[in-house]
Amino acid sequence: MGSEEGLEQSLLSEDQHIQNEICRPCSGDGSVDINGNPALRHHTGNWKSCLFILGTECCERLAYYGIVKNLVTYLITKFHEGNAIAARNVTTWQGTCYLTTLIGASIADSYLGRFKTIAVFSTIYLIGMLILTLSASVPALKPPSCVGIACLDASTAQYAIFFIGLYLIALGTGGIKPCVSSFGADQFDDTDPLERVSKGSYFNWYYFSINIGSLISGTLLVWIQDNYGWGLGFGIPTVFMALAILSFFSGTTVYRFQKPGGSPFTRNFQVIVASIRKWYIAVPHDSSFLFELPNATAGLNEIRKLKHSSTYKFLDKAATICNLDVKFENSLDPWRLCTVTQVEELKILLRMFPILATGIMFSAIYAQNSSMFLEQGMALDKRIGSFTIPPATLSSFDVISVIIWVPIYDKLLIPIARRLTRNERGISQLQRIGIGLFISILTVTAAALVETKRLQIAKAEGIVHEKEVT
């Protein structure tokens with residue numbers, strides 16, 4: 001009887017806590033509105049602001065995939081590059097798109113914040129799209145067409161203008177890629193239980209919006225590029241990039257903003273240096289003796305404090321207070337004494353390395369969707385009656401699968417998984433990654449078998465080194 005009363009009291013207490021969180025007028029995570037005032041819950045953030053972000057991402061991804069999905073075809077048919085060179089150029093460009101995310105993330109965290117970083121790099125992105133469209137539209141900037149079997153190489157100026165546009169796009173998309181998804185996550189308050197659950201759904205629908213843009217690019221846009229010309233085929237993605245910028249700025253008054261917290265690279269290096277400088281100091285057994293800023297000092301960011309973990313104990317030396325630190329308490333040196341939160345940030349990064357290493361191989365294979373897999377499609381008989389399927393459309397089966405499964409996953413599978421696992425996310429992030437990698441192994445195996453068979457036929461027919469003239 002007593003246990004039932006205790007359980008009932010606990011549930012009432014939890015309900016009261018949730019109610020108090022919901023009734024609080026301002027968000028509890030330190031976010032502010034466009035004017036720098038504490039963000040009001042009912043006027044900013046949540047799904048009302050995320051709709052603009054999802055619209056932005058859908059249009060931006062449509063623009064990006066409108067370039068990348070058929071880029072290898074453009075290089076082969078218009079610049080007359082061989083399969084290997086074209087695939088290498090596309091893969092190098094895609095790799096640059098991901099490497100430039102380090103630039104965007106650093107600028108957003110250290111100086112501008114996510115909103116301004118997205119605004120700046122979106123403009124660079126649009127300029128790159130305009131240059132690329134001009135290079136495919138203006139006769140003097142276009143590579144020469146083949147005459148019979150004779151194909152002239154593009155001039156140095158034509159190559160230069162094309163690749164300037166292409167790599168401005170890489171800089172633009174890399175600058176906004178690490179900011180858009182996290183800016184959307186900023187619209188949900190982690191201190192509110194209901195908004196915290198909505199944040200998990202946001203990432204599902206964020207991925208859904210990406211694939212809507214990808215589907216349109218991989219079907220309609222690539223067909224236009226193959227049948228109506230590349231000027232129009234690149235011009236349409238440029239228009240959608242302009243729409244992405246318009247959608248993004250339309251939500252300015254309802255967004256929640258997080259102030260820049262400083263460079264994570266600097267904070268991580270400070271922990272490493274402080275740990276080495278305190279090599280000889282013993283870490284206290286009680287973690288409460290480790291250094292952390294008091295709530296009054298932490299201010300709005302106190303909610304983002306990280307709890308101490310027992311892994312990588314050597315790094316705890318950076319947060320261990322020694323006599324020298326006490327002596328200069330009023331002018332603490334961040335290269336000698338770091339907070340527990342700062343130490344835990346580095347620990348999280350170190351724990352992520354095995355997953356990052358796994359992701360490198362996955363990304364290298366996934367990149368084949370836009371290069372070697374498309375070149376496989378170019379060698380197939382793609383006719384269905386009088387209609388010819390563009391080779392780039394073959395990659396849309398992946399997108400269609402995502403579009404079908406995301407709503408089923410979010411509305412059906414996750415609620416069932418929550419009941420079974422008692423986890424508010426349904427299944428853990430690590431389990432999701434593991435399931436995805438296992439399925440990826442099956443798909444790559446199938447692609448390898450197809451390529452092996454294709455090469456056998458090409459060798460038997462003696463056409464391995466023949467080049468298609470267009």
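Checking side-chain atoms of N46 against main-chain N and O of K48 turns up no donor-acceptor pair under 3.5 Å. Looking at T100, its side chain never comes within 3.5 Å of a backbone N or O of I103 through a donor-acceptor pair. Using a distance-only test at 3.5 Å, with no hydrogens or angles considered, a donor-acceptor pair links the side chain of Q187 to the main chain of F183. Not a single donor-acceptor pair under 3.5 Å links the side chain of S214 to the backbone N or O of I210. Without hydrogens or angle criteria, T101 side chain to Y98 main chain gives a donor-acceptor distance under 3.5 Å. Judged by distance alone, with hydrogens and angles left aside, the side-chain atoms of S275 form no donor-acceptor pair with the main-chain N or O of K317 at under 3.5 Å. Judged by distance alone, the side chain of K278 and the main-chain N or O of T320 form a donor-acceptor pair under 3.5 Å. At least one donor-acceptor pair closer than 3.5 Å links the side chain of R256 to the backbone N or O of T44. Looking at R196, its side chain does come within 3.5 Å of a backbone N or O of D190 through a donor-acceptor pair. Here the side chain of E344 pairs a donor or acceptor atom with the backbone of S309 at under 3.5 angstrom.
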Which donor-acceptor pairs under 3.5 Å do the side chains of residues 159-180 make with protein atoms, sequence neighbours left out?
residue	atom	partner	partner atom	Å
Y159	OH	E81	OE2	3.2
T173	OG1	E60	OE2	3.3
T173	OG1	R61	NH2	2.9

Extract all donor-acceptor atom pairs below 3.5 Å that involve side chains of residues 104-111 and protein atoms in other chains or at least two apart in sequence.
residue	atom	partner	partner atom	Å
S106	OG	L102	O	2.8
S110	OG	S106	O	3.0
S110	OG	S263	N	3.3

Tell me, with the steps shown, if I34 and F257 meet side-chain contact (heavy atoms from CB on, under 4.5 Å). CA-CA 7 Å; I34 186 62; F257 303 87; 3.7 Å; yes

Give the intermediate values and the outcome of side chain to side chain donor-acceptor pair (under 3.5 Å) for residues S209 and E57. CA-CA 7 Å; S209 66; E57 187 62 12; over 6 Å; no

Quick one: do E292 and T341 satisfy side chain to side chain donor-acceptor pair (under 3.5 Å)? Show the steps, please. CA-CA 7 Å; E292 182 60 280; T341 294; 2.8 Å; yes

After noting the C-alpha distance and the side-chain angles of R41 and D189, does the key distance pass the salt bridge (Lys or Arg N to Asp or Glu O under 4.0 Å) rule? CA-CA 9 Å; R41 284 182 184 276; D189 183 0; 3.3 Å; yes

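Geometrically, K199 does not engage Y202 in a cation-pi contact defined by less than 6.0 Å to the ring centre and at most 45° from the axis.
F314 and W279 have their aromatic ring centers within a separation under 6.0 angstrom. Residues F52 and F248 place their aromatic rings such that the two centres sit no closer than 6.0 Å. Ring centroids of F203 and F188 are separated by 6.0 Å or more, keeping the two rings apart.
D316 and H308 share a side-chain donor-acceptor pair at under 3.5 Å. The closest side-chain donor-acceptor pair between R114 and Y255, if any, does not fall under 3.5 angstrom.
Atom CH2 of W47 sits in a crowded spot, with more than 12 heavy atoms from other residues, nucleotides or ligands closer than 6.0 Å.
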